[in-house]
Amino acid sequence: MDVIDEANGSELPAVLRKSSRRLPWVFGLVAILTGLCVGGARYWPHIDKFLEASGTPEIVSMPALSSEDKAILSEIQLRQQEASEELAALNRNISAQQADLQRMLDQIAVLTLRIEALQSPPTAPPPPADPRPPATHTASKAITRASRPSKPEGPVSVGGAPLAAEPEADRR
């Protein structure tokens, strides 16, 4: 029979042959959870009183302040009020500046669109047809002849050189 016991003992996996070290930890965890459950059941009816007591802070009476301390305290409060008024004025100023900046940005956007429109090639429709009948070819020649300057008489100065005055008798 010893041989059978030895064979059975050696066939067990290594995990089962080791002594369990986890057993005390498991018992300890179960004991802690049981204690918490028992404590919760005992104090649960009184939990509202506990929460009320911890939620309200105790008001500690302040000892009487000296006249110097009262003056300093009132001065501090006055400075705080002045600082809060200054902050409110600064916030109003910042809001006004932001509104001005937004207005300027809108104007810049409009001007940019106008500049782009001026720089792009015009896509205007063709000009309307002229209601007058076209002039004849002969009439335009007559106009061009009349508009031509007449040829100068006498000597012509080239390059700005002074001309010698000729007697009038030679000219005739």
Side-chain angles (χ1 to χ4, degrees), residues 1-135 137 140 143-144 147:
M1 290 275 235
D2 289 332
V3 176
I4 294 174
D5 289 333
E6 274 183 32
N8 287 339
S10 64
E11 291 176 5
L12 291 175
V15 175
L16 294 177
R17 281 185 273 149
K18 288 184 180 178
S19 64
S20 178
R21 294 183 184 172
R22 287 186 258 169
L23 194 58
W25 285 100
V26 172
F27 283 128
L29 184 61
V30 169
I32 290 172
L33 288 175
T34 305
L36 287 174
C37 289
V38 169
R42 182 169 185 227
Y43 290 111
W44 187 256
H46 307 291
I47 193 78
D48 56 345
K49 293 177 187 175
F50 175 73
L51 291 176
E52 287 176 10
S54 65
T56 57
E58 292 183 26
I59 299 174
V60 178
S61 62
M62 292 182 59
L65 297 174
S66 66
S67 61
E68 293 175 4
D69 291 340
K70 288 181 182 179
I72 291 172
L73 185 60
S74 64
E75 185 177 333
I76 290 172
Q77 289 174 344
L78 179 66
R79 300 288 182 206
Q80 281 181 332
Q81 185 178 3
E82 289 173 357
S84 66
E85 289 172 0
E86 287 178 12
L87 283 175
L90 288 174
N91 284 336
R92 285 190 300 271
N93 191 7
I94 288 172
S95 297
Q97 287 179 355
Q98 286 177 343
D100 289 344
L101 285 175
Q102 186 62 40
R103 191 180 71 247
M104 287 180 198
L105 285 174
D106 293 341
Q107 289 175 352
I108 289 172
V110 168
L111 290 175
T112 304
L113 288 175
R114 286 183 184 173
I115 289 171
E116 289 174 357
L118 290 174
Q119 289 177 347
S120 67
T123 57
D130 201 10
R132 293 179 282 157
H137 189 61
S140 64
I143 291 174
T144 56
S147 65

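Everything numeric in this text was worked out from a predicted model, so none of it was measured.
Applying the side-chain hydrogen bond (donor to acceptor under 3.5 Å, both in side chains) test to every pair with at least one member in residues 102-113, sequence neighbours left out, gives these pairs: Asp100-Arg103, Gln102-Asp106. Screening residues 30-42 for salt bridge (charged side-chain N to carboxylate O under 4.0 Å, His left out) gives no qualifying pairs among residues at least two apart or on separate chains. Residue pairs meeting the side-chain hydrogen bond (donor to acceptor under 3.5 Å, both in side chains) criterion with at least one partner in residues 83-94, sequence neighbours excluded, are absent.
Every side chain to side chain contact (heavy atoms under 4.5 Å, CB included) that Glu68 has, sequence neighbours left out, goes to Ser66. Residues meeting the side chain to side chain contact (heavy atoms under 4.5 Å, CB included) test with Leu29, sequence neighbours left out: Leu33. Shown here are the side chain to side chain contact (heavy atoms under 4.5 Å, CB included) partners of Arg79, two or more places apart in sequence or in another chain: Glu75, Glu82. Residues satisfying the side chain to side chain contact (heavy atoms under 4.5 Å, CB included) criterion with Leu73, sequence neighbours excluded, are Leu65, Gln77.
Rounded to the nearest 0.5 Å, atoms CD1 (Ile108) and CG (Leu113) are 12.0 Å apart. A distance of 14.0 Å separates CD1 in Ile76 from CD in Gln81, rounded to the nearest 0.5 Å. Atom SG of Cys37 sits about 12.0 Å away from atom CD1 of Ile32, to the nearest 0.5 Å.
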